[in-house]
Chemist: 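Sharing a structure with you now.
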Amino acid sequence: MAAVVLHKKRKPRLEQGHPWVYKSEIERTDGDIEPGQLVSVQNHLGKYLATGYYNEASQLTVRIVSYSPIEAMTTEFFIERFTRCFLHRQRFVKGAQSYRLVYGEADFLPGLIVDKFENTLVVQLLTLGMDLCRDNIVEALVHVMKPVGIYERSDVSIRELEGLKQTKGLLYGDCAKHVDILENGLRIRVDIEEGQKTGYFFDQRENRAAIAPLMTGWGHRSGINLTEIEENGVTQILPVNANGKVVTFPLWDGASVLECFSHTGSFTLNACQFGAKKVTCLDISEHAIESARMNVALNGFEDRVEFVVADAFEYLRTQVKGLDERKLRAVAGAAGQAKIDTSKPVGTGGRTWDVVILDPPAFAKTKSAVEGACRGYKDINLHGMKLVNEGGYLVTASCSYHMHPELFLETIHAAATDAGKLLRLIEFRGAGMDHPRILGVDEGHYLKFAIFEVRSK
């Protein structure tokens, strides 16, 4: 087998479990190497370290697939790997029929993503090494998973860095454009052909469920309390308002919720399931809102959800501006000042919510974009927390790997300082159990998810 020999003075990342070899780390190659071919990786003394596939056109020149010698990535190789992936999901994503089956490097299959939507599989082949194994991958997936169909969604720009064209289409069997899945007991319709990436983001499954405690416990703000009521000799504990009347509205204790960057409305669905009384579901994309509207209808939550097609940044700023205007009028009125013209109607903004959820797309896709991303994350979080009712909750996330956890928290802290808010961190989480992470591979630690209690200074 041809070999790649590494520089003596390189960092020992490979020995520490990192599966990438950069072009700058390679001292020389021994033997003729075809693009996509497996090579052995050796240190400067000739000691074998690992086996990976080679692509000179990429800065990530070798991607490791094995720490013991193998000659080829055959169908049998993929069968063994996919079986391990399946057993991991069976153990940790119990009862689910839809999840991420293969998560690239974390499943020792760099450049390959496979998502399972009930009996349909969607694959992404992101690298030349995996692209050359397309037939073996399909054959192995059919053997292990027995799907009704396999659809390819390799229509991503990262392939171009490998010298590959973007592509998508049917690979096996029959695939419907829309597949209904169950997640956290909710029915969700996934568009595998036109939805973002593979059609749905499984990485927030557990995080969506984590908002459950935030969705109830708000009735006391409206003066509603559980009270013993005796009627016809029977004592019941019922919700009673400040006027002493029994409240019959079943969601009297539920939260008001704003979800920004809703995509398919997944957080909206979980909010409704856990008892929210009213949810504002917002996204800039008409297609995304139509998807969210469909999913809300599938679960019977139409009477609790309002949909807004708008830019989240502009929407949040408009609400804060309206809120500031209302506060200014209230202060002026209390002080008997006549400097504010109250004859003009207040703008459309000024709404607040018990819970504000911010789940934006990646703002920093490269290291050079981090500074701009910090400004973006600070802006949405600053305005978002201003719209949280006193003692309510800000639920916020970042899926930018280059926005490291410490920087993410520092940025939100800076936003809180400027907003005059005190934040109490309730929970900090990452991606779900179908997105495992290899220690030492920081690139796999991309998702940050936090729940903060918001109070004024």
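Given the structure is predicted, the values throughout are model-derived calculations rather than measurements. All values below come from the heavy atoms of this structure, side chains included, with hydrogens, waters and symmetry mates left out.
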Chemist: Is a side-chain donor-acceptor pair under 3.5 Å present for Tyr151 with Thr120?
Modeler: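 Judged by distance alone, the side chains do not pair up.
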
Chemist: Do the non-hydrogen side-chain atoms of Tyr401 and Asp442 ever get within less than 4.5 Å of each other?
Modeler: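 Counting from C-beta outward, Tyr401 and Asp442 do come under 4.5 Å.
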
Chemist: Please check if the distance between the ring centroids of Phe202 and Tyr200 is under 6.0 Å.
Modeler: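 Aromatic pair counts; centres sit under 6.0 Å.
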
Chemist: Pair up each side-chain donor or acceptor in residues 219-226 with any protein partner under 3.5 Å, not counting sequence neighbours, and list the distances.
Modeler:
{"from": "His220", "atom 1": "ND1", "to": "Gly217", "atom 2": "O", "distance (Å)": "3.2"}
{"from": "Arg221", "atom 1": "NH1", "to": "Glu390", "atom 2": "O", "distance (Å)": "3.0"}
{"from": "Arg221", "atom 1": "NH2", "to": "Glu390", "atom 2": "O", "distance (Å)": "2.3"}

Chemist: Check the side chains of Ser256 and Lys277 for a donor-acceptor pair under 3.5 angstrom, ignoring hydrogens and angles.
Modeler: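 Per modelled atom types, Lys277 and Ser256 side chains form no pair under 3.5 Å.
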
Chemist: I need the single residue from His7, Arg10, Arg13 that forms a side-chain hydrogen bond (donor to acceptor under 3.5 Å, both in side chains) with Glu25. Which is it?
Modeler: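 By the side-chain hydrogen bond (donor to acceptor under 3.5 Å, both in side chains) criterion, Glu25 pairs with just one of His7, Arg10, Arg13: Arg13.
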
Chemist: Which label fits Phe428 and Phe408: parallel for a plane angle under 30°, tilted from 30 to 60°, or perpendicular past 60°?
Modeler: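 The rings of Phe428 and Phe408 sit tilted, inter-plane angle from 30° to 60°.
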
Chemist: Suppose we screen for side-chain hydrogen bond (donor to acceptor under 3.5 Å, both in side chains). Which residues come up paired with Asp107, at least two apart in sequence or across chains?
Modeler: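 So Asp107 forms a side-chain hydrogen bond (donor to acceptor under 3.5 Å, both in side chains) with Arg89.
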
Chemist: Using the test side-chain hydrogen bond (donor to acceptor under 3.5 Å, both in side chains), find all partners of Arg205 that sit at least two apart in sequence or belong to another chain.
Modeler: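 For Arg205, the residues satisfying side-chain hydrogen bond (donor to acceptor under 3.5 Å, both in side chains) (neighbours in sequence not counted) are Asp434.
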
Chemist: Taking the side chain as everything from C-beta on, heavy atoms only, tell me whether Val122 gets closer than 4.5 Å to Phe117.
Modeler: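 Val122 vs Phe117: side chains touch.
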
Chemist: Applying ring pair (Phe, Tyr, Trp, His ring centres under 6.0 Å) as the test, list every pair that has at least one member in residues 434-457; sequence neighbours left out.
Modeler: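 Applying ring pair (Phe, Tyr, Trp, His ring centres under 6.0 Å) to every pair that reaches into residues 434-457, excluding sequence neighbours, yields Tyr103-His435.
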
Chemist: So, using side-chain hydrogen bond (donor to acceptor under 3.5 Å, both in side chains) as the criterion, who are the partners of Asn389 when residues are at least two apart?
Modeler: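 Scan of Asn389 (side-chain hydrogen bond (donor to acceptor under 3.5 Å, both in side chains), adjacent residues dropped) gives Thr352, Asp354.
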
Chemist: For a 4.5 angstrom cut-off between non-hydrogen side-chain atoms, does Thr61 reach Tyr22?
Modeler: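 No, every pair of side-chain atoms sits at 4.5 Å or beyond.
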
Chemist: For a side chain to side chain contact (heavy atoms under 4.5 Å, CB included) with Thr268, tell me which candidate from Thr280, Leu282, Val296, Ile357 qualifies.
Modeler: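 The option that passes is Val296.
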
Chemist: State, yes or no, whether a side-chain contact exists between Arg375 and Phe363 at a heavy-atom distance under 4.5 Å.
Modeler: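 Contact flag for Arg375/Phe363 side chains = no.
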
Chemist: Going by atom types only, do Ser98 and Glu118 share a side-chain donor-acceptor pair under 3.5 Å?
Modeler: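 There is such a pair (donor and acceptor under 3.5 Å, judged by atom type) between the side chains of Ser98 and Glu118.
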
Chemist: Would Thr235 and Glu228 count as having a side-chain donor-acceptor pair, cut-off 3.5 Å?
Modeler: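 No, no side-chain donor-acceptor pair sits under 3.5 Å.
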
Chemist: Suppose we screen for ring pair (Phe, Tyr, Trp, His ring centres under 6.0 Å). Which residues come up paired with Trp353, at least two apart in sequence or across chains?
Modeler: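 Per chain and number, Trp353 pairs via ring pair (Phe, Tyr, Trp, His ring centres under 6.0 Å) with no residue.
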
Chemist: Name the orientation class of the two ring planes belonging to Phe201 and His263 (parallel below 30°, tilted from 30 to 60°, perpendicular beyond 60°).
Modeler: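 It falls in the tilted class, 30° to 60°.
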
Chemist: Test Glu306 against every option in Lys278, Arg351, Arg293 by the salt bridge (charged side-chain N to carboxylate O under 4.0 Å, His left out) rule and name the one that passes.
Modeler: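 Output: one option passes, namely Arg351.
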
Chemist: Is it true that Arg153 and Glu193 make a salt bridge, defined as a side-chain N closer than 4.0 Å to a carboxylate O?
Modeler: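 Salt bridge flag = no for Glu193 with Arg153.
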
Chemist: Centroid-to-centroid, His88 to Phe92, below 6.0 Å?
Modeler: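 They qualify: ring centres under 6.0 Å apart.
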
Chemist: Can you name the nearest heavy-atom pair linking Leu269 to Phe301, along with the distance?
Modeler: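 Closest pair (atom of Leu269, atom of Phe301, distance): O-CE1, 3.7 Å.
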
